[in-house]
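We use all heavy atoms of the structure for the numbers below, so side chains are in, but hydrogens, waters and symmetry mates are not. Every chain is numbered from 1 and lettered A, B, ... according to where its sequence line falls, protein lines coming before strand lines.
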Amino acid sequence: MRLISLIAWKEIKTALREKLVLALGGIIVLLLGLSLFAGYLNYEQQQTIITQTQEVKRQEWLNQGDKHPHIAAHYGTFVFKPKTVLSLFDFGLDTYTGTSVYLEAHHQHEFMFRPAQDHSSMIRFGELSAALVLQILMPLLIIFLAFASFTRERESGTLKLLMSQGVSFQTLTWGKILAYGAILAVFLFPFLMGIMLISVGEFQQDAIPDVAIRLLLFALLYGVYLFLFIAFSVWVSLCSSTGRNALLTLLSSWIFLAILMPKTVVNLSENVYQLPSMREFKAAIEEDKANGLDGKSTRSIRMARLEKEYLEKYGMDSVQQLPFNFEGVSMQAGEEYNNKIYDYHLGKLRKIFQQQNRLGSMASLFNPFLSVQHLSMALSGTDPHTFIHFEDEVEDYRRELVRKMNNDMAENSHYGEFYGYKAGSELWAEVEDFSYQTPTALALLKHYWIEVISLAFWLGIILLLIFYTNRKLKPLYG
Amino acid sequence: MLKATNLTKKYGSFTALNGLDLLVKDGEIFCLLGANGAGKSTTINLFLNFIEPTEGEASINSLDVTQYGKETKQLLSYIPENLMLYPNLTGLENLDFFCGVGNKKYDKEQLETLLYQSGLQPDFIHKRVSSYSKGMRQKVGIALARAREASVLLLDEPTSGLDPKASNEFSELLLDMKEKGVATLMATHDLFRAKVTGTHIGIMKEGVLIERFASDEVSFQDLEKLYLKHMYN
């Protein structure tokens with residue numbers, strides 16, 4: 001260990017005297033700082049807008065005055081997806097999924113206010129986030145730090161001198177890996193402190209219940225990712241005859257792993273598992289609402305069936321004789337049938353999403369960059385599964401709101417008086433304000449076991465490669 | 001003490017070194033002369049265990065270098081033709097680092113003294129090696145050999161490209177180490193330096209040690225004649 005530390009210290013000293021390394025390191029620290037600052041401003045701004053608008057919308061709901069419950073169900077309300085504190089680190093899908101949704105009876109509306117709508121087409125190339133800097137730019141710094149780690153020693157002859165002192169390749173390799181790890185830790189330290197301070201400061205009002213665990217997992221995830229890149233870069237240098245070869249190999253790998261393959265996987269998954277357009281999706285739902293899931297139970301047939309069922313159940317001749325307002329019951333039954341139709345079509349849509357995501361997960365077995373990308377979004381609470389969880393919670397809330405309105409109508413009004421009956425603030429207050437908490441990190445990770453396995457697999461592979469190559473190599477071939 | 005017994009290195013059908021038997025005792029400087037490709041550097045690389053012998057054995061202080069690679073490396077110091085150090089580090093930092101990896105610990109003053117005694121100008125000790133001439137780098141190499149208290153010195157054309165003054169200073173340092181009982185094996189093209197510095201001289205051709213003698217047995221003129229006879233006959 002003493003020897004490894006000594007080699008690491010020498011590497012650190014020489015690397016920090018390289019102008020290119022300092023310049024690149026400085027740029028990356030600056031970009032990380034800027035992305036964190038921009039992310040924080042964006043988070044604060046969004047959070048303020050969401051908190052204020054949510055309060056306004058809540059007050060509007062509570063103070064909408066006396067009106068018929070079904071009119072209130074159509075008057076509806078807005079709910080907002082809280083911005084999680086860790087989303088300032090990795091924006092994930094937040095840019096594309098939207099932050100608020102209008103809730104009313106009969107309809108599941110689309111999410112609105114997608115940040116991507118407010119940007120130019122350049123957004124397609126990705127926003128500057130800390131995750132982007134760490135996932136894509138940091139490996140570039142590692143490549144420039146480490147590509148010549150062995151080739152320079154070999155080309156200049158210092159390798160022979162070191163070997164003549166009894167230093168083994170194994171010791172040299174780990175000394176270099178330790179050095180580059182330490183250099184990155186120094187570059188990343190202010191950033192880590194920044195994200196920790198912000199997280200601690202915002203912890204009380206955050207939608208993520210386990211920020212501390214997620215921060216630890218973040219550190220572990222990016223620690224493993226950067227270690228993989230460092231170890232891979234050192235290994236390539238160890239195996240290359242010249243620095244030029246090592247640099248070309250590493251840059252080609254970087255372009256393939258971080259740029260080409262992720263885009264290809266997305267395009268492939270979209271082409272293999274094609275999603276219907278929003279227009280087709282909505283049209284299919286409307287078609288089933290009109291003609292029923294079996295294609296022959298029209299709305300009027302369904303209503304007649306329901307009426308018959310209730311009259312038989314209560315032994316009455318007309319709906320006016322029922323001990324409750326049948327209009328409320330039919331409203332709720334219609335709502336539930338619509339929900340069934342929506343769940344059916346959403347289920348089909350989600351299955352395609354799931355297939356697309358599964359393809360992405362499988363691809364991550366061949367590319368640890370994809371694993372990190374997926375896990376980073378998950379830990380930030382900006383991944384597809386967190387969004388689906390939020391979407392489900394919102395839909396449950398909407399259904400409960402409509403159910404409460406319809407039940408009140410059924411219990412407290414009479415058949416035929418429709419607009420005559422008016423409910424008041426007591427009923428509106430029965431609908432609790434919407435609040436959302438993300439699933440815990442551990443619950444989320446169940447969706448990402450392939451990504452976790454991929455990282456463990458690549459970690460094992462790189463350790464084996466280093467071990468095997470170090471045993472095989474001699475300072476001179478022959 | 002360095003010893004080679006039937007030391008042979010083949011690359012496919014090409015024999016780089018053929019059955020070398022050699023003994024360099026403590027306090028001796030054995031100079032290997034020969035044209036490029038004669039097998040001089042191969043011999044050095046075999047003693048360093050940088051390559052595996054095809055046959056035979058190379059040993060340092062009776063330890064086979066292939067079996068006791070780590071132990072034998074603790075006993076030797078190596079200076080190649082062009083000693084390359086880390087250009088971003090100073091001479092002192094380089095010496096400190098290489099002493100450290102060789103398990104030798106010296107304080108700053110001791111390292112400065114070693115560099116000074118090895119002929120490095122004091123105002124260069126704290127300058128980065130990127131500003132050093134080849135001669136200066138070779139002096140750091142000598143300082144390292146002294147610091148390591150090596151009992152065996154392996155030199156691969158160490159004076160090639162040095163100006164006469166630097167070459168002479170280098171020879172002085174070798175003789176000083178010889179007095180301390182260091183066994184030295186030096187591959188060189190420099191007949192004059194071999195005659196002045198070496199206690200023994202060997203001439204190699206096509207992987208074979210074809211001639212060996214004590215350096216005081218021949219005059220410089222005879223050595224030159226002998227060398228040219230072997231090289232061009």
Asks: Counting only heavy atoms from other residues, nucleotides and ligands, does the tally under 6.0 Å from CD of B:E206 exceed 12?
Replies: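 Counting neighbours around CD of B:E206, 12 or fewer heavy atoms of other residues, nucleotides or ligands fall under 6.0 Å, so no.
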Asks: Tell me the closest heavy-atom pair linking B:Y78 and A:L161, and the distance in Å.
Replies: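 Where B:Y78 meets A:L161 most closely, the heavy atoms are O-CD1, 3.4 Å.
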Asks: I need the minimum non-hydrogen distance between B:Q74 and A:Q165, along with the two atoms involved.
Replies: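 In terms of heavy atoms, the two residues are closest at NE2-O, 3.9 Å.
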Asks: Looking at B:K25, I'd like to know if its NZ atom is crowded, meaning that more than 12 non-hydrogen atoms belonging to other residues, nucleotides or ligands lie closer than 6.0 Å.
Replies: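 Atom NZ in B:K25 is not crowded, with 12 or fewer foreign heavy atoms closer than 6.0 Å.
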Asks: For chain B, which candidate among A:G166, A:G157, A:S156 shows the most heavy-atom pairs at distances under 4.5 Å?
Replies: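 Max contact count across the listed options: A:S156.
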Asks: For residues A:V167 and B:F98, determine if any side-chain heavy atom of one lies less than 4.5 Å from a side-chain heavy atom of the other.
Replies: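 Heavy-atom side-chain distance check fails, nothing below 4.5 Å.
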Asks: Can you say whether A:L3 sits under 4.5 Å from chain B via the side chain, the backbone, both, or neither, judging by heavy atoms?
Replies: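 Only the side chain of A:L3 comes within 4.5 Å of chain B.
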Asks: Would you say NZ of A:K13 has more than 12 non-hydrogen atoms from neighbouring residues, nucleotides or ligands within 6.0 angstrom?
Replies: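 Yes, enclosed.
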Asks: For A:R2, is it the side chain, the backbone, both or neither that has a heavy atom under 4.5 Å from a heavy atom of chain B?
Replies: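 Side chain of A:R2 only, per the 4.5 Å heavy-atom cut-off to chain B.
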Asks: Between atom OG of A:S164 and atom CG of B:D156, what is the distance when rounded to the nearest 0.5 Å?
Replies: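 If I round to the nearest 0.5 Å, the distance is 11.5 Å.
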Asks: Against chain A, label B:D96 side chain, backbone, both or neither, depending on which of its atoms sit under 4.5 Å from a heavy atom there.
Replies: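 Looking at B:D96, nothing touches chain A.
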Asks: Just wondering, are more than 12 heavy atoms of other shown residues or ligands nearer than 6.0 Å to NZ in B:K73?
Replies: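 Enclosed.
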Asks: Measure B:L154 against the heavy atoms of chain A and call it side chain, backbone, both or neither at under 4.5 Å.
Replies: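 The answer is neither part of B:L154.
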Asks: With a cut-off of 6.0 Å (strictly less than), are more than 12 heavy atoms of other residues, nucleotides or ligands near CZ of A:F187?
Replies: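 Counting other residues, nucleotides and ligands, CZ of A:F187 exceeds 12 neighbours.
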Asks: Are B:L89 and A:K10 close enough, and set up right, to give a side-chain contact (heavy atoms from CB on, under 4.5 Å), and what steps lead you there?
Replies: CA-CA 9 Å; B:L89 301 184; A:K10 187 272 298 175; 3.7 Å; yes
Asks: Using heavy-atom distances under 4.5 Å, tell me whether B:L83 contacts chain A through its side chain, its backbone, both, or neither.
Replies: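 For B:L83, side-chain heavy atoms alone lie under 4.5 Å from chain A.
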Asks: Need one label for A:E18: side chain, backbone, both or neither, based on atoms under 4.5 Å from any heavy atom in chain B.
Replies: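 Both parts, backbone and side chain.
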Asks: So which heavy atom on B:F50 is nearest to which on A:K160, and how close?
Replies: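 Scanning both residues completely, I find the closest heavy atoms to be CZ-O, 3.1 Å.
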Asks: If you measure from OG1 on A:T14 to CZ on B:R128, what distance do you get to the nearest 0.5 Å?
Replies: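 Result: 10.0 Å between the selected atoms.
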Asks: Does any backbone or side-chain atom of B:E71 lie under 4.5 Å from a heavy atom of chain A? Answer side chain, backbone, both or neither.
Replies: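 Neither; nothing under 4.5 Å.
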Asks: Which pair of non-hydrogen atoms, one from B:V101 and one from A:I7, has the smallest distance, and what is that distance?
Replies: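 Scanning both residues, the minimum pair turns out to be CG1-CG1, 4.3 Å.
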Asks: Do any N or O atoms from the side chain of A:R17 and from the backbone of B:P87 form a donor-acceptor pair under 3.5 angstrom?
Replies: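 No; judged by distance alone, with no hydrogens or angles, the pair does not exist.
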Asks: Between atom CZ of A:R152 and atom OH of B:Y86, what is the distance when rounded to the nearest 0.5 Å?
Replies: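 Between A:R152 CZ and B:Y86 OH, I get 10.0 Å after rounding to 0.5 Å.
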Asks: State the CD-CE distance between A:E155 and B:M84, to the nearest 0.5 angstrom.
Replies: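 Interatomic distance, A:E155 CD to B:M84 CE, rounded to 0.5 Å: 11.0 Å.
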